[in-house]
Amino acid sequence: MIAYKSLSRKDLAARIARDIPEGWYVNLGIGIPTLVADAIPAGREVILHSENGILGFGPAPAPDAIDPWLINAGKQHVTLNPGGSFFHHADSFAIIRGGHLDLCVLGAFEVAANGDLANWATSAQDSAPAVGGAMDLAVGTPRVWVATEHTTRDGAPKLVERCAYPLTAPGVVNRVYTNLAVIDVRDGHFVVTEMVAGLTRDALQAQTGVELMFEVPEYA
Amino acid sequence: MIAYKSLSRKDLAARIARDIPEGWYVNLGIGIPTLVADAIPAGREVILHSENGILGFGPAPAPDAIDPWLINAGKQHVTLNPGGSFFHHADSFAIIRGGHLDLCVLGAFEVAANGDLANWATSAQDSAPAVGGAMDLAVGTPRVWVATEHTTRDGAPKLVERCAYPLTAPGVVNRVYTNLAVIDVRDGHFVVTEMVAGLTRDALQAQTGVELMFEVPEYA
Amino acid sequence: MINKEVRDIADALSGIEDGQVVMVGGFGSVGQPDALIEGLIERGARDLTIVANNAGAGRIGLAKLMEAGRVRKIICSFPRSAGSVVFEELFRAGKLELEIVPQGTLAERIRAAGAGIPGFYTATTVGTLLARGKESRVFDGRTYVLEQALHADVALVEAWRTDRMGNCIYRESGRNFNAVMAMAARTTVVQSCGMVAAGVLDSEAIVTPGIFVDRIVVVPETANARIAEAGAA
Amino acid sequence: MINKEVRDIADALSGIEDGQVVMVGGFGSVGQPDALIEGLIERGARDLTIVANNAGAGRIGLAKLMEAGRVRKIICSFPRSAGSVVFEELFRAGKLELEIVPQGTLAERIRAAGAGIPGFYTATTVGTLLARGKESRVFDGRTYVLEQALHADVALVEAWRTDRMGNCIYRESGRNFNAVMAMAARTTVVQSCGMVAAGVLDSEAIVTPGIFVDRIVVVPETANARIAEAGAA
């Protein structure tokens with residue numbers, strides 16, 4: 001087996017951050033997506049939105065400078081950048097639902113080749129899953145990128161033909177960034193546009209639950 | 001014929017103002033209703049709402065103190081009282097439609113005994129009447145009082161069995177203040193609760209297009 | 001002279017009865033009216049329906065209210081979270097009804113109630129389990145579901161500064177659901193971190209105009225923090 | 001660095017084409033982006049649908065745009081008012097389509113477009129001529145009509161102060177339709193009375209966050225007043 005090195009969570013976040021141009025308005029979900037905030041290249045203005053009514057929040061404060069009134073949707077203490085603003089929850093979701101964000105980056109339990117996203121409930125029998133703002137973000141944002149490990153801890157594929165978990169929204173995912181590859185969702189197919197060094201098509205396919213298309217050269 | 005003196009527009013406004021208790025939130029329409037603002041007894045806090053996004057506006061400024069940015073829905077220059085606030089049009093009509101005002105006082109072309117109000121279009125053939133906020137106010141406000149001359153300039157009754165003019169809203173008027181009487185709308189009837197001194201029931205009835213009920217003694 | 005400030009928490013909560021719908025502002029612990037929640041527990045009203053973003057954490061605040069057996073139903077977007085132990089227990093035991101509403105739909109249903117809009121359409125939940133039983137409709141080729149206004153008998157709100165007219169401003173991310181819930185209840189009770197004279201709040205920056213507010217009780221920020229800490233201890 | 005300020009009115013209005021829907025803020029003359037309206041006349045786009053509260057007065061601003069034959073349809077709440085001579089002429093001559101929308105419904109339809117709500121129900125117009133052809137529905141025993149979101153290609157907005165990120169505050173009753181129209185258009189163009197550095201506007205008091213704004217052109221208050229006066233002369 002050819003050696004390859006999968007991305008750390010931090011490197012995955014940095015890989016995503018690279019693709020976010022200046023001036024975009026972005027909502028980052030809990031987990032790996034949250035790490036994207038700290039990975040945005042210095043000097044590039046990307047404006048972060050938080051469901052609980054913030055545009056333009058900045059990095060975590062120093063421990064001795066925590067402002068108890070200022071948290072993001074992940075309940076983490078944050079700061080506010082110059083030009084940031086506060087609004088109430090209905091206005092915050094008007095921004096989301098109205099399609100004003102450029103991008104949201106979400107975690108996932110599963111993503112299907114048709115763009116279906118499952119990231120909220122772990123089974124249809126779970127009658128008390130926490131949906132939060134995931135459905136609104138998935139439905140309202142013009143670009144939905146998923147940031148996830150390529151497989152579960154047990155090695156089961158998270159990129160699948162059809163989601164088995166309950167959907168967050170059908171047909172919304174545009175791109176998936178995993179620790180192994182960057183994969184576009186196009187016309188019902190996963191199209192691999194980038195792989196980590198040393199990874200083969202076969203090795204990636206073997207960890208994926210649906211047939212991949214490749215726009216990258218085979219490992220040479 | 002017994003002598004009586006109908007109320008001037010200013011006295012009619014003062015009569016209405018007398019019935020508005022402290023603490024009410026009130027929207028005043030164009031015409032006689034607008035005069036109510038200046039007639040509220042000194043020291044009684046009544047908070048005036050204007051469709052264009054003001055709560056707590058005050059009287060007209062002195063001519064040399066006009067603020068060009070501060071007008072009411074009638075496009076008159078006004079002032080702002082301490083504790084007043086500004087908001088946008090959607091929030092302003094959320095206040096109206098959501099039933100948060102205590103009262104609106106509107107003018108009328110016609111009012112029917114069933115509470116129907118016609119105050120926007122002068123005929124069904126008029127294809128470009130200006131509705132403004134009249135319908136929202138009439139429908140959204142829990143108490144709708146009408147301030148009007150008892151008859152048209154030609155002496156035609158404005159209080160009628162059924163409105164001939166296009167409706168602003170059906171069944172919304174609670175009370176009518178005219179230059180001759182105060183008249184409640186109750187269960188499909190006009191009930192006179194007050195008349196100007198010297199006016200007889202017959203004289204009032206003669207100027208009204210529908211049978212009145214009386215809760216006032218005959219002139220004695 | 002209009003003055004919406006009341007003497008104490010008990011006065012602020014008077015009239016809350018069994019079976020009512022109570023909205024509780026806040027997101028996480030920020031902007032949560034802890035003193036009013038404590039007061040609600042003391043008041044003893046039962047069979048309540050609670051509308052809030054979360055279903056409580058630890059054994060304080062909303063969780064304590066639920067643990068005391070006062071809550072029949074909770075309408076929220078994020079019931080199960082780190083520390084939602086009381087919710088889990090009661091829900092598993094069948095002692096608590098749950099209505100899960102996506103966060104944006106929850107905020108908009110509350111705003112709709114305040115704005116006199118009985119129903120609206122949203123694409124959120126279309127094609128998911130949460131659309132079950134909902135009426136759908138196509139606009140311009142896209143499918144949406146019908147959602148209805150969510151009214152309350154009482155809204156419990158935390159504000160940063162208030163004046164006697166009921167005008168409120170919030171602080172940073174403390175605004176969250178508070179400003180929409182203040183619109184949606186028959187009676188809105190504000191736990192204020194401090195009163196200022198009428199006219200002090202910037203007319204351009206008032207978030208909740210006094211028209212939405214019925215009662216104000218002052219609970220200094222430090223006192224609210226003590227309640228939260230005491231409960232957590 | 002994000003900077004939404006453009007050089008001049010022509011740049012601000014670039015891309016406005018024949019047949020587009022253009023929202024114009026303001027109520028009466030307050031908060032009306034007069035310089036942008038003048039610029040729109042100069043630009044020459046025809047066959048426009050205008051969304052505004054009024055249908056213009058005198059022979060300036062919107063009235064001038066209509067008189068120049070650029071407007072196919074106007075969607076407004078208050079078409080006929082003192083001085084709406086141009087509207088009257090064109091409308092009577094059958095040269096202008098009119099959609100009358102109650103003011104609150106107009107504001108809410110615009111907000112709905114901005115908020116991703118394709119339709120909502122309101123009691124306004126029920127039982128009147130303006131409900132003709134509208135779908136109705138009963139909620140809790142009361143009848144409401146269905147109203148649909150009102151989108152625009154471009155919104156022309158006047159703000160009091162702005163920063164390079166597009167954040168806006170308005171002045172007094174100048175806020176009116178401006179703040180909702182800013183949400184509802186594919187491209188929002190702001191005529192600002194003045195720019196300030198990012199971070200100067202109070203984060204708690206920003207009415208239109210920059211996310212809704214695409215372009216800003218500075219037109220000092222005095223210059224705007226001159227345009228209005230020149231037109232009126």
Side-chain angles (χ1 to χ4, degrees), chain B residues 30 50-54 57 67-80 84-99 116-118 120-140 163 165-172, chain D residues 25-31 53-55 57 76-82 84 87-88 91-92 96 98 100-112 114-115 122-131 144 160 170-183 207-208 221 225:
Chain B
I30 296 172
S50 185
E51 290 94 309
N52 56 326
I54 318 174
F57 71 86
D67 176 346
W69 292 90
L70 188 44
I71 61 170
N72 65 13
K75 275 88 172 179
Q76 298 163 308
H77 292 289
V78 292
T79 49
L80 192 74
S85 57
F86 299 108
F87 29 82
H88 63 53
H89 245 86
D91 282 348
S92 184
F93 280 83
I95 287 175
I96 294 172
R97 208 190 306 99
D116 287 1
L117 172 65
W120 74 294
T122 48
S123 87
Q125 282 67 52
D126 179 358
S127 49
V131 65
M135 286 189 181
D136 305 282
L137 281 163
V139 157
C163 293
Y165 289 129
L167 294 191
T168 303
V172 295
Chain D
F27 183 89
S29 61
V30 179
N53 188 59
N54 297 74
C76 69
S77 88
F78 216 81
R80 185 171 293 162
S81 56
S84 61
F87 165 79
E88 303 265 359
F91 185 70
R92 213 175 305 118
L96 194 63
L98 170 67
I100 303 173
V101 183
Q103 201 169 129
T105 300
L106 184 63
E108 190 68 12
R109 287 179 63 192
I110 295 167
R111 188 233 172 227
T122 172
T124 304
T125 75
V126 170
T128 78
L129 291 179
L130 293 188
Y144 298 83
W160 176 241
Y170 303 91
R171 182 159 175 180
E172 301 177 345
S173 64
R175 191 180 305 190
N176 58 62
F177 278 98
N178 284 304
V180 269
M181 289 177 172
M183 302 170 65
V207 174
T208 295
E221 193 184 2

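Side chains included, hydrogens not; waters and symmetry mates left out as well; all remaining heavy atoms used. Letters A, B, ... mirror the listed sequences (proteins, then strands); counts begin at 1. Given the structure is predicted, the values throughout are model-derived calculations rather than measurements.
- Interface residue D:Asn54: only side-chain heavy atoms are found under 4.5 Å from chain B.
- Here D:Ile100 is the residue among D:Leu106, D:Asn53, D:Ile100, D:Thr125 with the most heavy-atom pairs under 4.5 Å with chain B.
- At a 4.5 Å heavy-atom cutoff, the contact between D:Thr105 and chain B is made by backbone and side-chain atoms alike.
- Between D:Ser173 atom OG and B:Asn52 atom CG the span is 5.0 Å, to the nearest 0.5 Å.
- Contacts of D:Phe87 with chain B are made by side-chain atoms alone, with heavy-atom separations under 4.5 Å and no backbone atom involved.
- Using a 4.5 Å cut-off between heavy atoms, B:Ala138 makes no contact with chain D at all.
- The contact between B:Asn72 and chain D is made entirely by backbone atoms, counting heavy-atom distances below 4.5 Å.
- With a 4.5 angstrom heavy-atom cutoff, D:Glu221 touches chain B only via side-chain atoms.
- Looking at B:Ala90, both its backbone and its side chain come within 4.5 Å of chain D, counting heavy atoms on both sides.
- Contact annotation for D:Arg111: only side-chain heavy atoms (C-beta onward) come within less than 4.5 Å of a heavy atom of chain B.
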For D:Thr128 and B:Met135, what are the C-alpha separation, side-chain angles and deciding distance, and is it a side chain to side chain contact (heavy atoms under 4.5 Å, CB included)? CA-CA 9 Å; D:Thr128 78; B:Met135 286 189 181; 3.5 Å; yes
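- Looking at D:Ser81, there are no atoms closer than 4.5 Å to chain B (heavy atoms on both sides), in backbone or side chain.
- When B:Gly132, B:Pro170, B:Gly53, B:Pro129 are compared by the number of non-hydrogen pairs under 4.5 Å with chain D, B:Gly132 comes out ahead.
- Using a 4.5 Å cut-off between heavy atoms, B:Leu70 contacts chain D through both its backbone and its side chain.
- For a residue to count as touching a neighbouring chain, one of its non-hydrogen atoms must lie under 4.5 Å from one of that chain's; by this rule D:Phe91 touches chain B with the side chain only.
- Of the listed residues (D:Gly31, D:Ala179, D:Pro102, D:Ala107), the one with the most heavy-atom contacts under 4.5 Å to chain B is D:Pro102.
- Between B:Trp120 and D:Leu130 there is a side-chain heavy-atom pair separated by less than 4.5 Å.
- Classified by interplanar angle (parallel below 30°, tilted 30° to 60°, perpendicular above 60°), the ring pair B:His89/D:Phe27 is tilted.
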Stepwise side chain to side chain contact (heavy atoms under 4.5 Å, CB included) test for B:Trp69 and D:Trp160: CA-CA 10 Å; B:Trp69 292 90; D:Trp160 176 241; 3.8 Å; yes
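- For the options D:Ala123, D:Ser29, D:Ala131, heavy-atom pairs under 4.5 Å to chain B are most numerous at D:Ala123.
- Contacts of B:Thr168 with chain D are made by backbone atoms alone, with heavy-atom separations under 4.5 Å and no side-chain atom involved.
- The shortest distance between side-chain heavy atoms of B:Phe93 and D:Glu108 does not fall below 4.5 Å.
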